[in-house]
Engineer: 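Shown below is the structure under consideration.
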Amino acid sequence: MPTVILINLSYTVAAVLFILGLKFLGNPDTARRGNALSSLGMLLAVVVTLLDHAIIDYRWILLGIVAGTLIGAFAARLIAMTAMPEMVALFNGFGGIASLLVGCIALSQSQLDRFVLLTIFMSIMIGGVTFSGSLLAWGKLSEKITGRPLVFNGQRFVNGGLFLANIACGVMFVQHPEQTLWLVLTVLLSTSLGVMTLLPIGGADMPVIISLLNSYSGLAACAAGFAISNNILIVAGSLVGASGIILTNIMCKAMNRSLANVLFSGFGAASGASNKIEGDVKAISTEDAFYILEAAQSVVVIPGYGMAVAQAQHAVKELQGLLEKNGCEVLYAIHPVAGRMPGHMNVLLAEADVPYDLLLEMDDINPRMETFDVAIVIGANDVVNTAAREIESSPIYGMPIINADYARTVFVLKRSMASGFAGLDNPLFYKDNTRMIFGDAKETVNKLIRELSS
Amino acid sequence: MPTVILINLSYTVAAVLFILGLKFLGNPDTARRGNALSSLGMLLAVVVTLLDHAIIDYRWILLGIVAGTLIGAFAARLIAMTAMPEMVALFNGFGGIASLLVGCIALSQSQLDRFVLLTIFMSIMIGGVTFSGSLLAWGKLSEKITGRPLVFNGQRFVNGGLFLANIACGVMFVQHPEQTLWLVLTVLLSTSLGVMTLLPIGGADMPVIISLLNSYSGLAACAAGFAISNNILIVAGSLVGASGIILTNIMCKAMNRSLANVLFSGFGAASGASNKIEGDVKAISTEDAFYILEAAQSVVVIPGYGMAVAQAQHAVKELQGLLEKNGCEVLYAIHPVAGRMPGHMNVLLAEADVPYDLLLEMDDINPRMETFDVAIVIGANDVVNTAAREIESSPIYGMPIINADYARTVFVLKRSMASGFAGLDNPLFYKDNTRMIFGDAKETVNKLIRELSS
Amino acid sequence: MDMVYLTFILILSVFLGFELIQKVPATLHTPLMSGANAISGITLVGALVGAGGEGSPLTIFLGTAAVTFATINVVGGYLVTDRMLAMFKKKGTKK
Amino acid sequence: MDMVYLTFILILSVFLGFELIQKVPATLHTPLMSGANAISGITLVGALVGAGGEGSPLTIFLGTAAVTFATINVVGGYLVTDRMLAMFKKKGTKK
Amino acid sequence: MTLVAIPNETNPTDKRTAMSPANIAKLVQSGADVLVEEGLGVGSGFSNDQYRQAGAMVTKNHEEIFSGSDVVLRIHKPTTEEAELLKRGSIHISHLDPFNEQELIETLNNRQASTISMEMIPRTTRAQKMDALSSQASLAGYVMVLQAANRLNRILPMMMTPSGTIKPAKVFVIGAGVAGLQSIATARRLGARITAFDTRAIVAEQVESLGATFLNIDLGETGQTEDGYARELTAEQLNTQQQAQSDEIAKSDIVITTAQVFGRKPPRLVTLETVKRMQPGSIIVDMAAASGGNVEGSIAGEEVEIDGVIIIGSGNWSGQVCRDASNMYSNNLTNLFTEYWNEDRKLFEIDLQDDILSACVITHGGEIINETIRKHYS
Amino acid sequence: MTLVAIPNETNPTDKRTAMSPANIAKLVQSGADVLVEEGLGVGSGFSNDQYRQAGAMVTKNHEEIFSGSDVVLRIHKPTTEEAELLKRGSIHISHLDPFNEQELIETLNNRQASTISMEMIPRTTRAQKMDALSSQASLAGYVMVLQAANRLNRILPMMMTPSGTIKPAKVFVIGAGVAGLQSIATARRLGARITAFDTRAIVAEQVESLGATFLNIDLGETGQTEDGYARELTAEQLNTQQQAQSDEIAKSDIVITTAQVFGRKPPRLVTLETVKRMQPGSIIVDMAAASGGNVEGSIAGEEVEIDGVIIIGSGNWSGQVCRDASNMYSNNLTNLFTEYWNEDRKLFEIDLQDDILSACVITHGGEIINETIRKHYS
Ligand SMILES: NC(=O)c1ccc[n+]([C@@H]2O[C@H](COP(=O)([O-])OP(=O)(O)OC[C@H]3O[C@@H](n4cnc5c(N)ncnc54)[C@H](OP(=O)(O)O)[C@@H]3O)[C@@H](O)[C@H]2O)c1
Ligand SMILES: NC(=O)c1ccc[n+]([C@@H]2O[C@H](COP(=O)([O-])OP(=O)(O)OC[C@H]3O[C@@H](n4cnc5c(N)ncnc54)[C@H](OP(=O)(O)O)[C@@H]3O)[C@@H](O)[C@H]2O)c1
Ligand SMILES: NC(=O)c1ccc[n+]([C@@H]2O[C@H](COP(=O)([O-])OP(=O)(O)OC[C@H]3O[C@@H](n4cnc5c(N)ncnc54)[C@H](O)[C@@H]3O)[C@@H](O)[C@H]2O)c1
Ligand SMILES: NC(=O)c1ccc[n+]([C@@H]2O[C@H](COP(=O)([O-])OP(=O)(O)OC[C@H]3O[C@@H](n4cnc5c(N)ncnc54)[C@H](O)[C@@H]3O)[C@@H](O)[C@H]2O)c1
């Protein structure tokens with residue numbers, strides 16, 4: 001069998017191993033095996049490549065591999081458990097620069113048609129962005145640089161300009177590959193682009209960014225694969241590129257943010273809550289709510305009359321169980337006037353067999369409300385109406401309420417923006433950290449259960 | 001752009017449309033759109049293929065397409081709703097013979113290396129099996145032929161022999177492509193193989209078989225694709241081949257059978273239940289149980305003391321809800337002595353808010369037990385112990401029980417093979433239609449809920 | 001080298017096929033089967049060149065037959081599938 | 001024609017990538033990212049030919065650098081991922 | 001310096017207490033001086049010592065309580081004699097039944113007393129913590145079901161047993177206010193099948209939220225007042241209702257009536273004829289027996305048997321669970337007291353602008369200042 | 001031709017009836033002639049007419065029932081006079097209390113009567129449909145909780161209300177047999193917090209399956225008989241148990257004792273000392289009061305108050321829900337009757353090989369053939 005066929009068939013096998021590896025990595029039971037499989041694929045790919053007739057001298061390769069293995073292994077072994085994310089960022093940067101270099105090398109190929117040049121440019125540009133971006137991320141995470149977002153006026157213009165310049169450079173490069181200027185410019189511009197895009201992003205958002213950059217480095221490898229017509233680079237690169245995007249998206253949702261918001265908001269830079277009933281009502285899907293609940297360590301459920309109307313108590317109990325299984329603490333906060341008769345919530349929750357110990361009175365729960373990751377308000381309204389605290393003119397001003405709004409995130413489950421028994425608007429619904437989940441409470445909770453249990 | 005590039009890029013698009021089409025077909029909300037997308041992909045693929053420079057004469061093509069379209073469209077429009085499965089079988093057969101023909105045509109190509117010959121052989125053989133098998137399936141389903149499985153001694157030997165002869169033929173064909181004999185023999189043997197394999201399979205199992213043959217016809221197309229180096233044939237063919245296998249598997253599980261069982265058992269041919277506590281205990285996973293429940297139209301739940309121990313009542317109620325949402329009727333059969341005190345089950349089910357109307361007494365449920373697709377016995381034992389009916393020497397002989405075993409399938413949820421209060425072995429567990437789901441009842445039911453709600 | 005690429009494509013498609021079909025509600029089993037069956041009529045594309053090419057009359061005859069059969073599969077398959085799905089649609093919306 | 005095949009492969013891989021990662025529990029986000037990152041070190045394969053080829057010294061130098069960086073990415077990436085996952089394993093079995 | 005005093009209740013059948021020791025402690029802490037009569041709370045299980053420990057003075061002198069204190073807290077309305085003992089300008093907080101007790105109110109007014117009627121606390125969200133009608137009605141709802149179940153010759157829940165299947169008992173609740181809802185909840189806890197009716201259509205949802213069935217009767221225009229109370233029905237409407245309920249009642253094992261119309265005599269909902277249609281052994285509980293009765297033939301404070309049907313009209317329902325009832329009433333009083341207690345000046349301040357006080361203060365500064373009551377009297 | 005007769009019960013406090021009209025109809029259908037005494041079933045709401053419609057003859061003559069019939073069905077044991085009236089060789093099925101009524105049994109035996117004692121029906125799965133002890137105990141469990149809740153000055157469920165939070169009442173159940181389990185279930189329905197204890201460790205799981213907590217007391221060897229009954233404890237074990245329960249009892253609002261030892265006097269589980277540790281207003285229900293009592297100071301058929309703690313020992317618990325109790329008992333009797341009724345020969349056949357009959361037939365053919373009882377007498 002001709003070597004090239006052998007190599008490529010091995011590449012097929014390697015591709016299968018990568019695919020299985022990624023699949024297994026997504027499941028806690030098989031994750032470790034998945035990682036092993038994918039490393040096996042990598043080994044196979046590297047070893048058979050060495051058979052390539054184009055390779056005539058193994059010394060430099062050996063040098064590079066030995067050096068790289070030593071550095072990589074030591075770094076991976078010695079790094080503290082807590083510093084792993086930044087390590088991953090650093091590794092990712094190295095992957096980026098490798099793609100950049102491979103792109104440059106590909107320039108010395110014999111036939112360079114437009115398409116190949118384009119892919120070379122892309123591998124250099126994406127590699128460059130990945131490289132510098134990852135380094136900055138590493139710096140921010142390891143606190144070598146301040147983790148605070150750096151925002152300045154006109155930032156978006158500068159970055160947009162950089163990007164366009166980069167593209168222009170690429171066009172020139174493809175037209176005139178012989179002029180090194182464009183190559184050098186491409187490298188410079190893309191690395192600056194990487195740095196500039198990351199500046200306004202805070203340290204806390206870095207994991208998402210790393211995941212994104214990781215996706216980029218896959219794309220860079222994929223572009224390099226096109227540049228040198230190599231299947232396995234394309235397959236592995238695009239697998240990583242695609243799954244990285246999905247993963248990034250999942251991570252964003254878990255933070256209750258959009259990717260755009262992460263990239264451009266300068267989160268944490270400016271903030272100043274207003275006390276007026278002003279602001280937007282932010283609705284959210286159960287799917288997105290799931291990501292937040294899934295990551296929550298402590299949840300307080302605040303039931304009201306709507307839970308009774310929806311007969312959601314059993315579903316709520318079920319949700320409690322699932323959250324607890326997920327390692328989350330769940331408590332119930334019962335306002336004395338919740339429902340339509342004294343003890344209404346008790347009747348319902350007893351029916352659903354919620355242990356008495358989990359039911360806390362208003363006065364016991366309010367002091368620790370800040371410590372809850374999520375407050376789920378289920379069909380309650382008046383009893384969490386912050387007008388009682390904030391609006392002096394309100395008829396219920398001064399009435400003690402359950403301070404749901406002090407929790408990190410508040411989900412309000414109700415069917416509409418309608419008011420409750422007292423007929424008053426509720427400023428809680430407009431708060432920054434409040435998300436409305438519209439719909440019948442039972443259905444909503446059942447949807448959450450479905451998300452959580454699959 | 002050279003035509004061949006254009007064609008192939010269009011093929012890429014067609015492939016994407018097929019992929020999306022299949023994905024969407026798996027979800028009730030998008031299924032119809034999925035079908036439309038995939039037909040669009042087909043249209044695109046066909047149209048751009050007509051641009052191929054190798055095509056010099058469109059008359060025959062036009063003839064074929066017009067004739068095919070007319071026949072296909074009329075058949076699809078006119079067929080009765082109930083006759084659809086057999087129609088699909090017939091269509092599938094046509095696909096099979098088309099692949100067979102394409103394989104033959106490919107023989108007139110210029111360069112015929114071994115690999116190409118192999119793929120040609122495969123497209124002919126698989127096409128032939130698909131063709132004749134599908135026709136037989138069509139016959140059985142439309143009752144043109146008897147639907148009863150036809151079993152004879154040594155059947156497996158005959159079929160095995162046929163298969164080996166077919167392979168041998170293939171080897172000769174690849175060695176001597178110039179001798180038409182092997183080609184003709186291949187066609188004959190493969191069509192006979194299709195007929196012979198289907199003979200022992202009963203009409204009721206035909207849907208699974210069609211799904212399998214459908215997967216084959218995908219593979220045949222894929223082989224044909226290799227034979228004429230055509231991407232889209234490979235992609236579409238292997239997509240259908242792979243998804244068909246998965247679908248076949250899903251369908252088998254929904255019937256609580258394995259594929260091997262379907263293929264070789266001659267199900268329904270012989271049967272003679274024995275009344276002894278003999279036979280095997282058949283355990284089953286919740287995942288497999290899900291497929292059966294998912295397809296069930298009516299379910300009866302038979303709770304016992306184990307439900308109380310596991311405190312599974314709320315989960316059971318939840319399961320009921322999900323089954324009902326799935327269009328299934330759910331009833332509860334309460335044996336008077338179930339549990340450990342009079343009315344034990346009532347206390348629990350009332351707590352879980354199961355409507356009284358759904359609780360049937362033993363005497364009301366027994367006469368209609370045969371009509372239930374599934375009986376779920378949850379932690380009951382003595383109250384469904386068929387020894388009371390079957391074993392004269394048993395201490396409980398003569399005691400009325402709930403005849404769970406008369407339902408089509410019985411799931412018994414308990415932790416072990418341990419006996420109940422009366423300390424007696426239970427022949428129910430050994431019956432042909434009984435499946436044990438071992439484990440704590442609440443956990444088992446929760447797993448089922450998870451399967452059902454995702 | 002072509003064969004290598006084709007093998008790659010085959011492998012990837014097979015995996016994709018496996019991944020695409022996961023849990024399918026029982027009601028969709030038949031439509032899904034039927035829809036997939038229509039796709040397998042893709043063999044039509046292969047038949048076209050035979051029917052319209054410069055081969056022997058036999059080839060052309062076989063090609064035309066193949067085109068006819070495959071077209072029946074494709075056209076009939078898609079239409080039947082659509083009819084089945086339309087039926088579900090109605091059932092669903094009635095409620 | 002090569003490009004066509006490669007594009008096909010690209011498209012299929014992208015779809016496969018999308019399908020593979022569906023719902024991932026939060027605890028696996030970081031290991032998954034890290035594992036995928038290691039795979040992206042596949043660029044090493046491309047670098048090898050540069051470092052061991054018959055190119056100019058510059059090419060070889062760049063190639064060697066690329067090999068080194070990519071190897072760090074690959075080796076470090078897999079090892080770190082494995083360490084993370086080993087940690088989970090222990091947590092799980094302790095219970 | 002304000003002296004708050006709590007007398008013993010003079011009604012011997014009521015074991016409840018207006019103030020628990022725990023709440024006395026709160027009053028003392030907020031700066032009031034507290035005087036209680038000896039033996040206060042014995043019926044509910046609170047001893048004199050507990051009151052002393054909470055910081056109260058204990059007296060044997062019933063008169064002193066009225067004549068010597070600035071604020072009197074209690075459950076029931078005072079007798080005319082007690083009213084005449086009151087210190088001029090003092091504050092008296094208790095049930096007063098102002099719609100029916102014009103004479104007593106005028107006596108109090110003549111003493112220049114500021115009187116707060118617990119019945120008149122408005123049904124607003126903010127006032128709920130002081131709302132004694134609600135707290136006691138809620139307990140009453142529970143007690144009525146228990147009494148009925150205790151008298152019924154059947155069990156409430158369904159039981160499928162080897163000795164036959166026992167069908168769940170049927171309970172019909174008329175009037176789904178606070179008490180009615182609690183009855184529904186309690187009966188459902190016990191496993192009965194429940195139907196309920198109320199003229200206010202809005203409570204249908206609340207009834208269903210407790211798992212009971214709402215009986216739909218088309219009465220035409222009914223509705224509720226701003227305060228959430230029911231409007232009185234016309235004679236014709238009442239007749240329609242009686243007819244429509246009759247079948248449901250005949251089928252029921254237990255009927256519980258809780259219908260009230262604020263400031264009016266309770267409507268007569270169940271006629272003798274209907275009672276006679278019930279199975280012997282069935283039970284009717286008439287919550288309103290004491291104030292006129294929803295059921296024909298019910299006698300306040302007694303159990304009557306008509307054709308084998310037992311009509312319970314004991315009254316003072318919450319008194320049966322006197323300990324919890326006392327605690328809740330005492331919490332209501334304390335919440336009211338501390339809401340308007342000025343800690344700096346150590347004074348109970350009556351601010352007639354306040355929407356709660358303006359509704360429940362009857363007399364103040366020698367005038368009957370309550371609009372509703374003044375209109376009712378004139 | 002067999003004449004089956006049902007006399008009125010002579011115990012005036014028990015309103016139950018041995019046979020409901022529905023079951024009479026079954027007997028008649030299976031070919032028996034049935035005679036009932038006039039007024040049978042009045043207490044449970046069944047009229048003479050209903051019996052007539054079911055196919056029974058009705059007589060005013062109490063004696064005739066005994067002297068003229070082949071089978072007598074009833075609830076309570078006969079008086080000696082009644083026993084002496086029995087037709088020779090006839091069959092008598094009822095409770096007989098054979099362990100304590102040697103004299104009566106001998107009288108019956110002298111009449112050559114075949115007697116079946118309902119107490120002696122074995123606790124096997126097959127016999128459960130005839131097991132009257134179970135059916136009545138189950139109702140008793142329900143009634144005891146209702147009576148206790150009705151007497152308690154608190155409510156059972158938790159309520160978080162604007163007038164304060166009411167903690168759920170604590171209930172302690174001693175003896176988790178049929179009655180104890182039903183008590184647990186009923187109290188839990190009402191929302192109480194429940195702890196339970198039993199000497200048979202195996203019931204811990206059953207207790208927990210009803211959502212209650214099992215109190216673990218290490219008594220050493222206890223165990224149960226083959227029939228599932230508890231063994232008697234040694235004096236020392238009993239003492240350990242009393243001590244260990246004492247704290248739990250002191251904390252409880254309601255204590256329900258149901259402990260029995262088959263064929264023995266019930267154990268004394270709660271001492272006076274422990275009773276005095278309870279809060280005033282708490283309730284104890286002593287199910288065994290009539291047969292000796294689990295609680296020191298309980299009096300059969302009465303309510304006693306000791307230091308503010310009320311001990312209810314009314315007895316005849318299931319009689320409070322006489323209609324359901326009658327139906328269940330009547331089903332038990334009918335199930336027993338039809339099980340051994342030979343429809344062809346129209347005879348009630350006593351087959352001493354049968355494992356149920358061999359356990360519950362006391363006398364037959366002029367001999368005390370029951371092993372257990374014979375041993376007990378000798
Ligand atoms: N506890 C008592 O004794 C008593 C007695 C009488 C009155 N009240 C009064 O009732 C109020 C109780 O406060 P609360 O917060 O419990 O209730 P609330 O303020 O009345 O609010 C209930 C909310 O539930 C929502 N809802 C209704 N049905 C729903 C469904 N099926 N699914 C989801 N949401 C649903 C409604 O919003 P949407 O319509 O938008 O869904 C409504 O805003 C207080 O004002 C209290 O004073 C209490
Ligand atoms: N109703 C009454 O009044 C009363 C009173 C006393 C006795 N009994 C007797 O009790 C019996 C009642 O029959 P039954 O069918 O209800 O119960 P059973 O025959 O006692 O069987 C209960 C079954 O539940 C299983 N189980 C226990 N815990 C479980 C858990 N956590 N998850 C899943 N399965 C669990 C056990 O099997 P594994 O151990 O394998 O899981 C056991 O075989 C009759 O014999 C009756 O005579 C009844
Ligand atoms: N805002 C609060 O916090 C709060 C607190 C307690 C009560 N409330 C509200 O106050 C209102 C009155 O409650 P309540 O229990 O004191 O009422 P109530 O005691 O005055 O009357 C009891 C019930 O009887 C009903 N009724 C009157 N005539 C009837 C008839 N002919 N047939 C059937 N039913 C009839 C009434 O509608 C009412 O539901 C309710 O709307 C309740 O929700 C509000
Ligand atoms: N097989 C059947 O169908 C069936 C039917 C009914 C009852 N049973 C079984 O019969 C058995 C007896 O039931 P029962 O209710 O008639 O029993 P019982 O009335 O004889 O005694 C009541 C309970 O008191 C307990 N007890 C005795 N001494 C005690 C002590 N010192 N402290 C605490 N508890 C003490 C006993 O263990 C028993 O649980 C149980 O095992 C029950 O499950 C079986």
Side-chain angles (χ1 to χ4, degrees), chain B residues 18 22-23 25-26 31-32 35 38-39 42 45 49 54-58 60-61 64-65 67-69 71-73 75-76 84 87-88 91-92 94-95 97-99 101-102 104-105 108 211 214 217-218 221 224 228-230 233-236 238-240 242-244 246-247 251 254 294-295, chain C residues 2-3 6 9-10 13-14 16-18 20-21 24-26 28-37 39-55 59-60 62-85 88-89:
Chain B
F18 288 147
L22 268 181
K23 189 173 170 61
L25 264 174
R32 213 168 170 197
N35 193 47
S38 110
S39 67
M42 185 63 76
T49 307
I55 299 184
I56 48 171
D57 183 351
Y58 289 90
W60 297 107
I61 294 184
I65 289 196
T69 306
I71 300 175
M84 288 211 174
M87 196 82 264
V88 175
F91 289 158
N92 195 45
F94 292 164
I97 189 145
S99 292
L101 294 174
V102 172
C104 295
I105 297 169
S108 60
S211 176
N214 180 28
S217 78
I228 61 171
S229 288
N230 185 312
L233 254 67
I234 297 180
V235 172
S238 49
L239 275 178
V240 171
S243 59
I246 297 281
L247 183 59
M251 290 167 84
E294 218 268 310
Chain C
D2 266 12
M3 283 308 135
L6 293 177
I9 291 175
L10 170 73
S13 309
V14 167
L16 199 48
F18 282 146
L20 281 176
I21 307 299
V24 182
L28 281 184
H29 289 175
T30 312
L32 180 56
M33 180 171 85
S34 170
N37 170 46
I39 297 181
S40 74
I42 188 69
T43 204
L44 169 58
V45 166
L48 288 177
V49 182
E54 43 192 337
T59 309
I60 292 186
L62 290 181
T64 309
V67 168
T68 313
F69 283 127
T71 309
I72 297 179
N73 186 2
V74 168
V75 174
Y78 280 119
L79 288 179
V80 162
T81 312
D82 196 60
R83 258 185 84 189
M84 290 188 213
L85 291 171
F88 289 134
K89 199 58 164 286

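Throughout, protein chains are lettered first and strands after them, A, B, ... in sequence-line order, and every chain is numbered starting at 1.
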Engineer: Could you go through C/L48 and B/I65, starting from their C-alpha distance and side-chain angles, then the distance that decides it, and tell me whether this counts as side-chain contact (heavy atoms from CB on, under 4.5 Å)?
Structural biologist: CA-CA 9 Å; C/L48 288 177; B/I65 289 196; 4.2 Å; yes
Engineer: Using non-hydrogen atoms and a 4.5 Å limit, figure out which bit of B/A31 sits close to chain C: side chain, backbone, both or neither.
Structural biologist: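 Answer is both: backbone and side chain atoms of B/A31 are under 4.5 Å from chain C.
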Engineer: For a quick test of reading the model, state the closest non-hydrogen atom pair linking C/A51 to B/W60 and the distance between them.
Structural biologist: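 The pair with the smallest heavy-atom distance is O-CB, 3.8 Å.
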Engineer: Identify which part of C/L44 has an atom lying under 4.5 Å from any heavy atom of chain B, answering side chain, backbone, both or neither.
Structural biologist: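 It is the side chain, since no backbone atom gets that close.
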Engineer: Flag the one option from B/I97, B/I228, B/N230 with the top tally of heavy-atom pairs under 4.5 Å to chain C.
Structural biologist: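 Heavy-atom pairs under 4.5 Å are most numerous for B/I97.
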Engineer: Can you tell which of C/I72, C/V80, C/T59, C/L16 has the highest number of heavy-atom pairs within less than 4.5 Å of chain B?
Structural biologist: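 Option with the top pair count is C/I72.
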Engineer: Ignoring hydrogens and angles, tell me if any N or O in the side chain of B/N35 forms a donor-acceptor pair with the backbone of C/T81 under 3.5 Å.
Structural biologist: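 No, the answer is negative, given that no donor and acceptor are paired below the 3.5 Å cut-off.
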Engineer: Testing the basics here: between C/L62 and B/C104, what is the closest heavy-atom pair and its distance to 0.1 Å?
Structural biologist: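 Taking C/L62 first and B/C104 second, the nearest heavy atoms are CD1-CB, 4.1 Å.
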Engineer: Side chain from CB out, backbone as N, CA, C, O: work out which of these in C/I60 comes under 4.5 Å of a heavy atom of chain B, or both, or neither.
Structural biologist: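 It is the side chain, since no backbone atom gets that close.
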Engineer: What's the spacing between B/N92 CG and C/N37 CG if we round to 0.5 Å?
Structural biologist: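 So the gap between those two atoms works out to 4.5 Å.
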Engineer: Can you measure from CD1 (C/I39) to CE (B/M42) and round to the nearest 0.5 angstrom?
Structural biologist: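 The CE atom of B/M42 is 6.5 Å from CD1 of C/I39, to the nearest 0.5 Å.
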Engineer: Is any side-chain heavy atom of B/L22 less than 4.5 Å from a side-chain heavy atom of C/L32?
Structural biologist: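 B/L22 vs C/L32: side chains touch.
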Engineer: Between chain B and each of C/G35, C/G52, C/S40, count heavy-atom pairs under 4.5 Å; write down the option with the most.
Structural biologist: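 The option with the most such pairs is C/G52.
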Engineer: Identify the heavy atoms of C/S13 and B/S238 that sit nearest to each other, and give their distance.
Structural biologist: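 Where C/S13 meets B/S238 most closely, the heavy atoms are CB-OG, 2.9 Å.
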Engineer: Quick one: what part of B/I56 sits under 4.5 Å from any heavy atom of chain C, side chain, backbone, both or neither?
Structural biologist: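 Its backbone and side chain both get close to chain C.
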Engineer: Taking all atoms of both residues into account, what is the closest heavy-atom pair of B/A45 and C/I42, and its distance?
Structural biologist: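 Nearest heavy atoms, B/A45 then C/I42: CB-CD1, 4.1 Å.
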Engineer: Top residue by heavy-atom pair count (under 4.5 Å) with chain C, among B/G218, B/A75, B/A73, B/A67?
Structural biologist: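 Heavy-atom pair counts peak at B/A73.
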Engineer: What are the two closest non-hydrogen atoms of C/F69 and B/A98, and how far apart are they?
Structural biologist: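 In this case the closest contact between C/F69 and B/A98 is CB-CB, 4.2 Å.
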Engineer: Only pairs of heavy atoms separated by less than 4.5 Å count here; which of C/V74, C/V14, C/T64, C/L79 has the most with chain B?
Structural biologist: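 Counting heavy-atom pairs under 4.5 Å, the top option is C/T64.
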Engineer: Rounded to the nearest 0.5 Å, what separation is found between the OG atom of B/S217 and the CG atom of C/N73?
Structural biologist: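 Here the interatomic distance stands at 6.5 Å.
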Engineer: With respect to chain C, which residue among B/S243, B/S99, B/A224 yields the maximal number of heavy-atom pairs within a distance under 4.5 Å?
Structural biologist: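 Option with the greatest count: B/S243.
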Engineer: How many angstroms lie between CZ in B/F94 and OG1 in C/T71, if you round to the nearest 0.5 Å?
Structural biologist: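 Answer for the CZ-OG1 pair, B/F94 versus C/T71, is 11.5 Å.
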Engineer: Report the option among C/I9, C/V67, C/V45 that has the most heavy-atom pairs separated by less than 4.5 Å from atoms of chain B.
Structural biologist: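 Highest number of pairs under 4.5 Å: C/V45.
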Engineer: Where do C/G50 and B/I105 come nearest, in terms of heavy atoms and distance?
Structural biologist: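 Heavy atoms only, the tightest pair is CA-CG2, 3.9 Å.
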